[in-house]
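Notes to accompany the following structure.
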Amino acid sequence: MFGELIILSAVLFAVGAVGFLTRRNAFVVLMSLELMLNAANVVFVAASKQWGGPEGLASVLIVIAIAAAEAAVALAALLALFRVVGTEKIDEWRALRG
Amino acid sequence: MEDAMLRLILLFPLAGFLFNAFLGKRAGERVVSWVGPASIFFSFATGVYFMSQLAGLGEHGYIRDVIFTWIASGEVSIPFSIVFDHLSGWMVLVVTGVGFLIHVYSIGYMHGDKGYYRYFAYLNLFVFMMLVLVLGSNLLLMFLGWEGVGLCSYLLIGFWFTEEERARAGMKAFIVNRIGDLGFILGIATLLWGSAVVSHPTVEFSQLQAVVPRLPEWVVLAATLLLFVGATGKSAQIPLYVWLPDAMAGPTPVSALIHAATMVTAGVYMVARMNFAYSAAPLAMDVVAGVGVATAFFAATMGLVATDIKKVLAYSTVSQLGYMFVGVGVGAYAGGMFHLTTHAFFKALLFLGAGSVIHGMSGEQDIRKMGGLKDKMPWTYRVFLIEGLALAGIPPFAGFFSKDEILFKAFASGHKLIWAVGIAAAFMTAFYTFRLIFLVFYNTPRYDESVHPHESPPVMIIPMAILAVLSFIGGFVLGFPHHSLIEAFMEGVFRHGVEIHGASGLEMGLMFLSTIVAVAGWAVAYRMYVVDTTLPEKIAQRFKAAYALLFNRYWVDEIYDTLFVKTYLGISDGIMRYIVDDVIIEGFLNTAARTSLGTGRQLRKLQTGDVQAYGFAMLAGVLLVLAYIVWRWAT
């Protein structure tokens, strides 16, 4: 059971990572980021179930809370950026290019 | 003979210097007034004691004191040792004797100066250094003293350093001397090298005496000429005499001690000390005599029109030093030393007299603003007259015998041209001396009514009176022709000098001639400055160009300034601007700036602004770290 959960987590993380690196839509990139976070959550839960400690479950709650806060701020920021720049294509957001 | 007591001669002035320098300010003027002169007096007394010891040792006798090994490096070993022989012993007595009198005089002259203790500390240090120069048993020790007196000269010329002109005069003296000193040090190096080739490296006078005859002639010639370059600096000869007139910015007793009686004669002493080498290089001798007589002549012409009482004496000193070099240059070493001694008496006295006049006139130095001081300063007038007669070469005063000795030896040894120029300079000497006396002491006063000339205190008059007696009797007692005490005394040291026998008819004739020349100088001065005082003005108008030439001192200072000072400053400025500034400083800054700019230009490419590129970098980093951990775990 534990093995399958770890594989699930790895797959989720890989999907998230690939999505983060390749998708052009800023909102999809953000969703990919959430996917990677949840991959980590799956490992926490699996580890907690496997060895029976409470730390994993507690960590998951903290991650969910931080991810919620992060998502709220990030969505607001993305929305504001979208309004200023006029596009949601993340590869066109290069104002900070050196 | 070895005697460890000999070092006392050096230690007394050194102790005086240390006391005055470190405790003098707290001890106050009274204590410093005792310590300063007393330290020189004890040194003089020690010198007299060793002179009496020397008398029992025969003409080649000497007393030596090896204090410690100064430099030991490979084959070279240079001791810090002092030798008291007939030549250096004589100089010790002149330096400490005249030095002591001038120290006493200074008590009155410097009274109330806020640098009083500093003045005596420098003066004591000067005497110490001068004694090192004189007593040193080798050239390097002589050079140590040589530099030491140069330092003291600089410190004392610029004694009132808050006035920029005086501070500058000090620097000028120091820098001009530096040029000469380079020659001196190269001369020492030449002898050290030469002696190393033929036997073992040495700069001891006693050993060089044996080495010099074995050296090739050109080495001796080079060494003696280089050493003479040093002498032209220290003893103010052409072409390096320019610092001495400016050196008059120092307190007047300093001019008397350092810039008339002792330090400036160091060059003459050096040639006398190295007589065995100079006699082995006839060409160098001719150069010494030639430069000497040229200086005697040119300095005298500049003395004719100078208007500052001390400047007249300064040119006179340069001129008289020229005579001394003529003496040693024609091989009359004892004659040169004789003139050195009498000159120390009467020129020190002339300066002290001038100091007394300046003191009484509240600092006025322009002889055009004096006159009629005969009655206001009777004692100063009397000593000034005696010293004037001595300088002008009127018999039987000291200067007559010593100057005549030199001129006679020059004539008799075949240097007829040098003799003729010397006689011409003697005429000018008599003229400018009496011009000075007449302008200062005769006729009606030309100073402001606000100035009230007064006689100087006894502490200044008494040393002057002693020197006046010496200036009077010094000539015939020390150097009466054919019965010359000084020549007999130094016979053992000067084995290579010219020997002139008989020909006393010729000598009498020349003596008569130089007396006439001196009296003629007096007569012309009397005519121009007492009988008809409008005459100088008329002559100056008539010979405008010549007068301007002399009055502006042949523009030598200006020529040196353009040729050397400005050129040197130009070159340094160029180096500063185009090499130091452009290449080094700006180059460093520009390179630093360009490097950071270039690095930044390359590094900025990493910041693409593309979030996904950053994400990729992060992921790649994490994967690399993970791979490393796995690899470590697996192996």
Side-chain angles (χ1 to χ4, degrees), chain A residues 3 6-7 9-44 47 63 67 70-71 73-98, chain B residues 566-635:
Chain A
I6 293 299
I7 290 167
S9 162
V11 171
L12 271 179
F13 189 88
V15 170
V18 171
F20 183 87
L21 292 180
T22 57
R23 298 307 294 259
R24 297 179 67 203
N25 188 313
F27 299 93
V28 179
V29 168
L30 194 62
M31 283 155 64
S32 307
L33 194 68
E34 298 297 324
L35 215 53
M36 286 190 285
L37 281 173
N38 283 307
N41 281 346
V42 170
V43 180
F44 276 128
V63 170
E70 173 258 350
V73 174
L75 270 174
L78 284 183
L79 211 61
L81 263 171
F82 174 69
R83 281 187 185 149
V84 173
V85 186
T87 173
E88 80 293 349
K89 301 280 192 297
I90 197 166
D91 54 344
E92 288 175 30
W93 294 359
R94 294 199 164 191
L96 283 181
R97 181 189 170 126
Chain B
K566 291 238 169 68
T567 313
Y568 175 77
L569 288 180
I571 292 170
S572 338
D573 200 48
I575 290 174
M576 188 66 199
R577 192 167 301 168
Y578 299 112
I579 296 180
V580 175
D581 231 32
D582 281 9
V583 177
I584 298 176
I585 294 179
E586 262 182 50
F588 175 76
L589 274 179
N590 284 343
T591 310
R594 215 171 285 130
T595 311
S596 54
L597 267 178
T599 318
R601 201 170 290 130
Q602 296 304 317
L603 283 177
R604 66 190 283 196
K605 288 180 185 159
L606 289 174
Q607 187 171 345
T608 56
D610 183 355
V611 181
Q612 286 168 318
Y614 305 155
F616 178 76
M618 276 168 68
L619 196 69
V622 169
L623 285 176
L624 272 177
V625 173
L626 270 178
Y628 176 73
I629 291 170
V630 170
W631 174 74
R632 284 292 300 270
W633 177 72
T635 54

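A note on names: the letters A, B, ... follow the listed sequences, proteins ahead of strands, and every chain is numbered from 1. As the structure is a computational prediction, the values presented were derived from the model and not from experiment.
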- Query: With a cut-off of 6.0 Å (strictly less than), are more than 12 heavy atoms of other residues, nucleotides or ligands near CZ of B:R604?
  - Reply: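 No - once you tally the heavy atoms of other residues, nucleotides and ligands closer than 6.0 Å, there are 12 at most.
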- Message: Tell me if the CZ atom of B:F616 is crowded by more than 12 foreign heavy atoms within 6.0 Å.
- Response: no
- What pair of heavy atoms forms the shortest contact from B:L619 to A:A17, and how long is it?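 Answer, listing the atom of B:L619 first, then A:A17: CD2-CB, 4.2 Å.
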- Message: Using only atom types and a distance under 3.5 Å, with no angle test, would you say the side chain of B:Q612 pairs donor to acceptor with the backbone of A:R24?
- Response: no
- Please test B:V611 against A:V29 for side chain to side chain contact (heavy atoms under 4.5 Å, CB included), starting from the C-alpha separation and ending with a verdict. CA-CA 10 Å; B:V611 181; A:V29 168; 5.9 Å; no
